[in-house]
Amino acid sequence: MTNADTGMFEKVNGKYRVTDIQVWNAQKSAYEPIDLQSTYTVAGTNYTLRNNGDGYTMFDGCKVVKDNTMVDNDVLRVYLTDVLKGVVDEQYKDPAGQGRITIINK
């Protein structure tokens, strides 16, 4: 639910629109269901994580572990050149993704 005066997110009112959320557990090398009572480390841009961009106030006041390392296009460039060595293979060919996200129209 968004505050009509400020345009900022306040809370989820009713049923969640996103379901079956899984997070990567590096210690177990496996995905597992998200625990709504747990605290997670997330990566994002200053626009959303620090400046409440687009009304994302749920991150307001969170601890910043690492700030201003690279802008998003630099992260993509480094991934393409250093990780993929300039070769974008078949796993990225499908614009709908790798089957990890399912859109359910209601």
Would you compute the distance between atom CG of D20 and atom CD1 of I34 and round it to the nearest 0.5 angstrom? 11.0 Å
From SG (C62) to CG (D60), nearest 0.5 Å: 8.0 Å
Student check: side-chain heavy atoms of [X] and [Y] closer than 4.5 Å:
{"X": "L84", "Y": "Y79", "result": "yes"}
{"X": "I21", "Y": "Y16", "result": "no"}
{"X": "V64", "Y": "L49", "result": "no"}

Can you get from L36 to F59 by hopping between Ile, Leu, Val, Met, Phe, Trp and Tyr side chains that sit under 4.5 Å apart?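 Same cluster: L36 reaches F59 through Ile, Leu, Val, Met, Phe, Trp or Tyr contacts under 4.5 Å.
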Within one Ile-Leu-Val-Met-Phe-Trp-Tyr cluster: W24 and V42, side-chain cutoff 4.5 Å: no
Could I get the full list of ring-ring contact (aromatic ring centres under 6.0 Å, His included) partners for Y47, not counting sequence neighbours?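 So Y47 forms no ring-ring contact (aromatic ring centres under 6.0 Å, His included) with any residue.
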